[in-house]
Amino acid sequence: MAHPVRVRFAPSPTGLLHIGGLRTALYNYLLARQTGGTFILRVEDTDQTRYVTEAEADILDSLRWVGLDIDEGPGAGGPNQPYYQSQRSALYRQYAEQLIEAGHAYYAFDTPDALQALRERGDGNTAYNTATRGAMRNSLSMSSEETATALQSEPYVVRLKVPQGQTIAFEDAIRGTVSFQSDVLDDQVLLKSDGLPTYHLANVVDDHHMSITHVIRGEEWLPSTPKHIALYNAFGWTPPQMAHLPLILSPTGGKLSKRNADKMGIPVSVRQYREAGYLPEALLNFLAFLGWNDGTERELFRLDELVQAFSLSRVGTTGAQFSMDKLQWYNQQYLMAYTSAELAALARPLVDAAGYTITDDALEQVAAMTRERVVFVSDIVGNYAYFFEPPTAYNAKGVKKRWKADTGSLLAAFGQQLLEAPLETAKAAHDAVHGFVAEREIGLGKIMAPLRLALSGEMGGPDLFEMLAFFGAEETVRRINLAAERIGS
RNA sequence: GCCGCGUUCGUCUAGGGGUCUAGGACGCCGGCCUUUCACGCCGGUAACACGGGUUCAAAUCCCGUACGCGGUACCA
C-alpha cells in the first residue's frame with residue numbers, strides 16, 4: 001500500500017470493444033476510483049496484421065458511453081506518452097538489447113518452417129526451450145562471427161532465455177498461489193522480425209515504466225504470467241500484483257467468442273448493446289456481477305456504488321455464463337427507475353425517427369403509462385405504437401372472445417356520450433364508463449375489453465381509463481369507428 | 001498430448017469445519033393485486049461432480065478420478 005494504485009486497461013485494437021473487455025476495464029476502473037488511484041488506457045497495437053482502424057475509436061467511444069473515464073491515455077494525456085505501443089518501439093528494442101547483453105536473451109534466426117517442424121515432432125516438447133535451443137540457429141548455438149553475419153543478412157527475432165529447473169510462483173489476488181515449472185515454458189519471442197515487440201515484452205516494459213501496481217486481466221493470460229515473471233526477474237524488476245479474472249462464457253459453456261456468441265444470438269461488442277437499447281448502468285451492473293458480488297443480497301449497484309463496494313478479494317474463480325435474461329432484467333430495473341420525463345427524453349429520438357408527431361407533454365404521458373411495461377426504451381415505439389397511430393390489427397383471440405354482435409352499437413353509443421361530455425382525466429373516464437354501464441345495466445366486461453381492443457388492438461396494456469383520458473373523445477371515437485369497420489358488426 | 005485454472009439449483013451466486021432440513025437473484029410454475037397486461041407481493045420448482053481420506057462433525061480441509069475451460073504463435 002506504499003504506492004498509489006495505478007491500473008491499466010490495455011486492449012488490442014483488433015475489433016470493436018468486446019463485452020469481456022469492458023468488464024476487465026470496469027474492474028480496473030473500480031479499483032482505481034475506490035483507492036483514489038489512476039486508471040490508464042494503453043493501446044496494445046503491436047500486431048500490424050490484425051490492426052483494425054475503427055477499433056480504437058470504438059474503444060474510446062464505448063468507455064465514454066458507459067462512463068469509465070480514463071486518467072491517462074489517448075485523448076487524456078499523461079506523463080507516459082505515447083500510450084500507443086506502436087509508437088514506443090525504440091524503448092522495447094533498447095530493453096531487448098539490454099537483456100541480450102546481460103545474457104538473458106538471444107538472437108534467433110529460425111524460419112517459420114523450421115519451428116513448425118519442431119512442434120510436430122510430437123514428443124511433448126515445446127518448440128523452443130532449454131532442451132531444444134541448442135540445436136537451433138541462434139546466437140547461443142552459433143559463433144559470434146556467424147551471428148554477426150546473420151544479423152546483417154537474415155530476419156531475426158530476440159528470444160528470452162528461460163532459466164532451467166526453476167519453479168516460478170506468484171500470488172494471484174484472486175486465485176492465491178499459482179506456480180509453474182520453468183522447463184515447460186517456451187523461449188518466448190520478445191522482439192519480432194518486424195522489429196516490433198510481442199505482447200509479453202511490451203506489456204512488461206510498459207507496466208514497469210508506467211508504475212502499474214495491479215495487473216487485472218482475463219484468465220486467458222494466466223498461462224502467460226510465468227513468462228512475464230521470468231521477464232521481470234531478468235530485468236531485476238518487481239512484478240506488480242497479479243489478478244486474473246474468471247472468463248465470461250457463452251450460455252452453452254464455451255468461450256464467448258464472436259462466432260460462438262453470434263450463433264446464440266448474443267452480441268459480443270459493446271456497441272451492439274448500445275444500439276440494442278441497453279442502458280450503460282444496466283450493462284455495467286450486469287457485467288460487474290459476472291464474477292463478483294458484495295456478499296450481501298443486494299444486486300442493484302450503479303457505477304459510483306460499485307466503486308464503493310468493489311473488492312478484488314470477492315471476485316470469484318469460476319467462469320460465468322452470460323445470461324441475456326438477467327441482463328434484460330437489469331435493464332428493466334434501471335428503466336423503471338427513470339422518471340416519466342427522463343424516459344420520454346430517451347424515447348424522443350426513437351419516436352421522431354419512426355416518423356411520429358407528438359408533443360413533449362403527450363410523450364411524457366405515454367412514458368408514464370409504459371414505464372413499468374418496457375424492457376427497452378424502443379419498446380415504446382415497438383410494443384406501444386398504438387399510442388402514436390391507430391392499430392391496424394386486432395388481437396384475434398380477444399376479438400373472438402370479447403367482440404360480440406352488439407359490441408359495435410354499444411361502443412358507438414359510448415362514443416356519442418363521450419363527444420357530448422368530453423373526458424379529460426382518468427377519473428372522468430372512469431366515471432363515464434361506469435355511468436354508461438350502470439345506465440344500461442350491463443357488465444363492465446361488455447365495454448372495457450372491446451374499448452381496449454378498439455384503442456390498442458391488444459388485450460393487455462396500461463390502465464384503460466388513463467388511455468381514454470390520453471386519447472380524448474375525438475380520437476377514441478375515431479378508433480371505435482375504425483375498429484367497427486375492420487372487425488365488423 | 002503437455003501445462004494451468006476451475007467444479008453449490010437450468011443460469012449468476014451466498015456460504016470457507018457444527019448456525020445448511022444449503023440462503024438470494026434471473027428464468028420457469030402457481031396465487032394475490034388488476035374485470036386487462038405489466039409492476040409489486042406471496043408461494044413453489046431446483047444444487048454441494050464422483051471416490052477415498054482427516055475429524056466427534058465436511059458443501060466447507062487433503063488426495064485421487066471425472067468433467068469443463070484456458071494456454072501451448074514472430075496474436076493479443
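In what follows, every chain begins at residue 1, and chains take the letters A, B, ... in the order their sequences are listed.
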Inset, instruction - On RNA chain B, check which nucleotide each of A:Phe465 and A:Leu327 is closest to and give me the residue with the more 5' one. - result: A:Leu327

Inset, instruction - Would you indicate, yes or no, if B:rC75 has its OP1 or OP2 atom less than 4.0 angstrom from a side-chain nitrogen or oxygen of A:Thr14? - result: no

Inset, instruction - Check every strand shown and say whether A:Thr49 touches a base, only sugar-phosphate, or nothing at a heavy-atom separation below 4.0 Å. - result: nothing

Inset, instruction - Name the nucleic acid region contacted by A:Val178, choosing base, sugar-phosphate or nothing; use a 4.0 angstrom heavy-atom cut-off, strictly under. - result: sugar-phosphate

Inset, instruction - Check every atom of B:rU36, B:rG23, B:rG71 against the side chain of A:Glu220 and return the nucleotide holding the closest atom. - result: B:rG71

Legend entry - Distance, rounded to the nearest Å, where A:Trp221 contributes CH2 and B:rU72 contributes C1': 13 Å

Inset, instruction - Determine the interatomic distance between C1' on B:rC26 and the same-named atom on B:rG68; round to the nearest Å. - result: 23 Å

Legend entry - Out of B:rC39, B:rC74, B:rU13, whichever nucleotide has its closest atom nearest the side chain of A:Thr198: B:rC74

Inset, instruction - May I ask you to say whether A:Asp207 pairs ionically with A:Arg42, meaning some side-chain N is under 4.0 Å from a carboxylate O? - result: yes

Legend entry - Base paired to B:rC50 (Watson-Crick or G-U; both N/O distances under 3.5 angstrom): B:rG64

Inset, instruction - For B:rC9 and B:rA47, measure between their P atoms and round to the nearest Å. - result: 9 Å

Legend entry - Sugar-phosphate, base or nothing in reach of A:Asp463, heavy atoms under 4.0 Å: base

Inset, instruction - Assign the ring pair A:Trp292 / A:Phe289 to parallel, tilted or perpendicular, where the plane angle (0 to 90°) is split at 30° and 60°. - result: perpendicular

Inset, instruction - Please tell me which of the listed nucleotides, B:rU7, B:rG70, B:rC12, lies nearest to the side chain of A:Pro223? - result: B:rG70

Could you list the donor-acceptor pairs under 3.5 angstrom formed between side-chain atoms of residues 392-402 of chain A and any protein atom two or more places apart in sequence or on another chain?
| unit_1 | atom_1 | unit_2 | atom_2 | d |
| --- | --- | --- | --- | --- |
| A:Asn395 | OD1 | A:Lys397 | N | 3.2 |
| A:Asn395 | OD1 | A:Gly398 | N | 2.7 |

Legend entry - Nearest-angstrom distance from the residue atom CD of A:Glu372 to C1' of B:rC33: 13 Å

Inset, instruction - Have a look at A:Glu297 and say if it touches a base, only the backbone sugar-phosphate, or nothing, with a 4.0 Å heavy-atom cut-off. - result: sugar-phosphate

Legend entry - Proximal nucleotide (of B:rG4, B:rC39, B:rC26) relative to the A:Asp325 side chain: B:rC26

Legend entry - Pair A:Gln85-A:Tyr199, side chain to side chain contact (heavy atoms under 4.5 Å, CB included): steps then yes or no: CA-CA 10 Å; A:Gln85 291 187 328; A:Tyr199 171 87; 5.8 Å; no

Inset, instruction - When you get a sec, tell me which of B:rG4, B:rA76, B:rG24 is the closest nucleotide to the side chain of A:Leu222? - result: B:rG4

Inset, instruction - Could you measure between the two C1' atoms, the one in B:rU60 and the one in B:rA14, and give it in whole Å? - result: 13 Å

Legend entry - OP1 or OP2 of B:rU13 under 4.0 Å from side-chain N/O of A:Lys326: no

Inset, instruction - Tell me, with the steps shown, if A:Leu303 and A:Leu30 meet side chain to side chain contact (heavy atoms under 4.5 Å, CB included). - result: CA-CA 8 Å; A:Leu303 185 52; A:Leu30 293 177; 4.0 Å; yes

Inset, instruction - Go ahead and name the base partner of B:rC75; Watson-Crick or wobble counts if both distances stay under 3.5 Å, otherwise write none. - result: none

Legend entry - Whole-Å C1' distance, B:rU72 and B:rU65: 24 Å

Legend entry - Spacing of A:Trp329 atom CH2 relative to B:rC26 atom C1', expressed in whole Å: 7 Å

Inset, instruction - Using a cut-off of strictly less than 4.0 Å, decide whether A:Arg159 has a side-chain nitrogen or oxygen near OP1 or OP2 of B:rC74. - result: yes

Inset, instruction - With C1' as the reference atom in both, quote the distance from B:rC61 to B:rU45 in angstrom, rounded to an integer. - result: 33 Å

Inset, instruction - Please tell me which of the listed nucleotides, B:rC74, B:rA76, B:rC3, lies nearest to the side chain of A:Val184? - result: B:rC3

Inset, instruction - Quote, to the nearest angstrom, the P distance that separates B:rG23 from B:rG44. - result: 11 Å

Legend entry - Ion pair check, A:Lys227 and A:Asp186, cut-off under 4.0 Å: no

Inset, instruction - Select one nucleotide: of B:rA73, B:rG70, B:rC5, the one nearest the side-chain heavy atoms of A:Arg175. - result: B:rC5

Inset, instruction - Answer with base, sugar-phosphate or nothing: what part of the nucleic acid does A:Asn383 contact at a heavy-atom distance below 4.0 Å? - result: nothing

Inset, instruction - Would you classify A:Gly291 as touching base, sugar-phosphate or nothing, given that sugar-phosphate means primed atoms plus P, OP1 and OP2, and contacts are heavy atoms under 4.0 Å? - result: sugar-phosphate

Legend entry - Complementary nucleotide of B:rU19, counting Watson-Crick and G-U pairs under 3.5 Å: none

Inset, instruction - Identify whether any heavy atom of A:Ser193 sits under 4.0 Å from a base atom; if not, whether one sits that close to sugar-phosphate; answer base, sugar-phosphate or nothing. - result: base

Inset, instruction - Please state the C1' separation for the pair B:rG64 and B:rU54 - nearest whole angstrom. - result: 15 Å

Inset, instruction - Output the single nucleotide from B:rC5, B:rA38, B:rU11 whose closest atom is nearest the side chain of A:Glu219. - result: B:rC5

Legend entry - Lys/Arg N to Asp/Glu carboxylate O, A:Arg271 vs A:Glu54, below 4.0 Å: no

Inset, instruction - Quick one: look up who B:rC26 pairs with, Watson-Crick or G-U, both distances under 3.5 Å, and put none if it's unpaired. - result: B:rG10

Inset, instruction - Would you please confirm or rule out a distance under 4.0 Å between OP1 or OP2 of B:rG15 and any side-chain N or O of A:Arg314? - result: yes

Legend entry - Flag for A:Ser250-A:Thr252: side-chain donor and acceptor within less than 3.5 Å: yes

Legend entry - Side-chain N,O (A:Lys401) to OP1/OP2 (B:rU36) below 4.0 Å: no

Inset, instruction - Could you tell me whether the phosphate oxygens of B:rU13, OP1 or OP2, come under 4.0 Å of any side-chain nitrogen or oxygen in A:Asn293? - result: no

Legend entry - Nearest-nucleotide pick for A:Arg50, side chain only, options being B:rC75, B:rG24, B:rC74: B:rC75

Inset, instruction - Nearest whole angstrom, please: distance from the P of B:rA38 to the CG of A:Leu464. - result: 17 Å

Inset, instruction - Have a look at A:Phe289 and say if it touches a base, only the backbone sugar-phosphate, or nothing, with a 4.0 Å heavy-atom cut-off. - result: sugar-phosphate

Inset, instruction - Using whole Å, report how far CG of A:Leu201 lies from P of B:rA73. - result: 18 Å

Inset, instruction - Report which part of the nucleic acid A:Ser224 touches: base, sugar-phosphate, or nothing (heavy-atom distance under 4.0 Å, all strands). - result: base

Legend entry - Approximate separation, where rounding is to 0.5 Å, of A:Gln166 CD and A:Asp183 CG: 9.0 Å

Legend entry - B:rU7 phosphate, OP1 or OP2, under 4.0 Å from A:Thr317 side-chain N/O: yes

Legend entry - Nucleotide nearest A:Val157 when distance is taken to its side chain, options B:rC3, B:rC74, B:rA76: B:rC74

Legend entry - Under 4.0 angstrom between A:Ser323 side-chain N/O and B:rC12 OP1 or OP2: no

Inset, instruction - Can you tell me the distance, in whole Å, between the CG atom of A:Asp186 and the P atom of B:rC2? - result: 17 Å

Legend entry - Nearest-angstrom distance from the residue atom CE of A:Met324 to P of B:rU11: 18 Å

Inset, instruction - Would you indicate what A:Gly445 reaches in the nucleic acid, counting non-hydrogen atoms under 4.0 angstrom: base, sugar-phosphate, or nothing? - result: base

Legend entry - Closest heavy-atom pair and its distance - A:Leu453, A:Glu458: CD1-O, 3.4 Å

Inset, instruction - Could you measure between the two P atoms, the one in B:rG71 and the one in B:rC28, and give it in whole Å? - result: 34 Å

